[in-house]
Amino acid sequence: MKVVVGVSGGIAAYKAVGVVRGFVLAGHDVHVVATEAALRFVGRPTLEAISRNPVHTELFEGVAEVRHVALGQSADLIVVAPATANTLAKIAHGFADDLLGTTILASEAPLVLAPAMHTEMWNDPATRANVALLRERGVTLVGPASGRLTGRDSGPGRMAEPEEIVAAALAVVGPRDFAGRRVLVTAGGTREPIDPVRFVGNRSSGRQGVALARAAAARGAQVHLIVANLDDGVAPADAGITLEHVDTAAELEAAAGRAAAEADLVIMAAAVADYRPDEVAAGKIKKETQGDTLELRLVKNPDILRGLVDARREGQTVVGFAAETETDREALLELARAKAARKGVDYLVVNTVGWSTGFGTPDNSIVMLSGSGDILTEASGPKASVADRILDVLAR
Ligand code: C5P
């Protein structure tokens, strides 16, 4: 999809870089149109490197290709972040005195604005009237959030976070083929305590599970997302997602059991520790008293996925994941087919993981099997686009 990101001149322009990056990572072709003022806050090279395209500012550049309208005509989506009070006013009244204005006027694409300004400006009757006019015309506004502003002040006016803007914008254009569906997703990796300060864990960042939750929400689902120990910055703040935090496999089992009772679709993407320490020491284990070796006795955790399959409600679909280190494709698929049968899932998503692949990386490569072991789809790329390919199968 061709996305035009308009950047106007406010301090929040530095966060526009995150918005551009979000669309690029979701696999879109991004073109930045920055106002002159915006380029005083964030550098052109940054926006060009992140968007992987030239940045446009000038109305009188590219005249031969009629650029002042070409960008708008060819865009599938226009997002303005930040939209300052001035830019908001200009858009509301159809001004075309700069490239952003002509691009928006010449476009029939959905328009999403992320306002950012001081609270007094946001509350001013002129801005209120402009916002009402824009909403009436079907423009989507994301934010502003309430919080610390640039000066010493705080209140409504802070630009929404980039991920939230990207998710809201994609939801405006994306298919709504999960509307009305209640989806449970688990993500992240459980930690099984050894003593009050140590645990047995795994390297799951939670990115693929979170990407699935966000994609489902963007496509209209009501999502319950249970997360265990996500990497920093991975937790979503999207509308349509209810977030629940857990730590251990036992907590995940209880939370997933409760939430699955309300779900039409269960996606078990979390990396659950197969074993936990048999006994948890009440105090920190000390090497001074322990000596040269320390033996940990581990006991098996319940298979949560198997439990969910056994308790499956009428019409509920259950999807499992398999992270394997097997590199031979046929051997990997054999393992996966056996796992799908053993767990009784409707679908199994298989990916290879290793020291440098799968866990914690922005990209993933998956094969999706039916419960009976047929290959339904294969996808590689950013976790957001892999999530959409998985949902394409589940939407059928
Ligand atoms: O058996 P294995 O760990 O390979 O299976 C992976 C799938 O099973 C994933 O969907 C994971 O969330 C789930 N699982 C589980 N409970 C466990 C171990 C894995 O639900 N104790």
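We count ligands from 1, going down the list as the structure has it; atoms in each ligand are counted the same way.
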J.: Indicate whether the side chain of His245 and that of Asn229 have a donor and an acceptor atom separated by less than 3.5 Å.
T.: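 No, Asn229 and His245 have no side-chain donor paired with an acceptor closer than 3.5 Å.
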J.: Please determine if Arg158 forms a cation-pi arrangement with Trp122, meaning its NZ or CZ atom is less than 6.0 Å from the six-membered ring centre and no more than 45° off the ring axis.
T.: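 Cation-pi check for Arg158 and Trp122: fails.
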J.: Do Glu244 and His224 pair up side chain to side chain, a donor and an acceptor below 3.5 Å, judged on atom types alone?
T.: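 Looking only at side-chain atoms, His224 and Glu244 do form a donor-acceptor pair, the distance falling under 3.5 Å.
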J.: What's the shortest heavy-atom distance between Ser8 and Pro82, and which atoms?
T.: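 Scanning both residues completely, I find the closest heavy atoms to be OG-O, 2.6 Å.
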J.: Under a 3.5 Å cutoff, is there a donor and acceptor pairing between the side chains of Asn301 and Asp274?
T.: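 Per modelled atom types, Asn301 and Asp274 side chains form no pair under 3.5 Å.
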J.: Can a side-chain donor-acceptor contact be found between Arg44 and Thr57 if the only test is distance below 3.5 angstrom?
T.: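 The answer is yes; a qualifying pair exists.
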J.: Run through ligand 1 for me and note each protein residue having a heavy atom under 4.0 Å from it, chain first, then residue number.
T.: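 Around ligand 1, where the cutoff is 4.0 Å for heavy atoms, the contacting residues are Met268, Ala270, Val272, Asp274, Pro302, Asp303, Ile304, Leu305, Gly320, Phe321, Lys339, Lys343.
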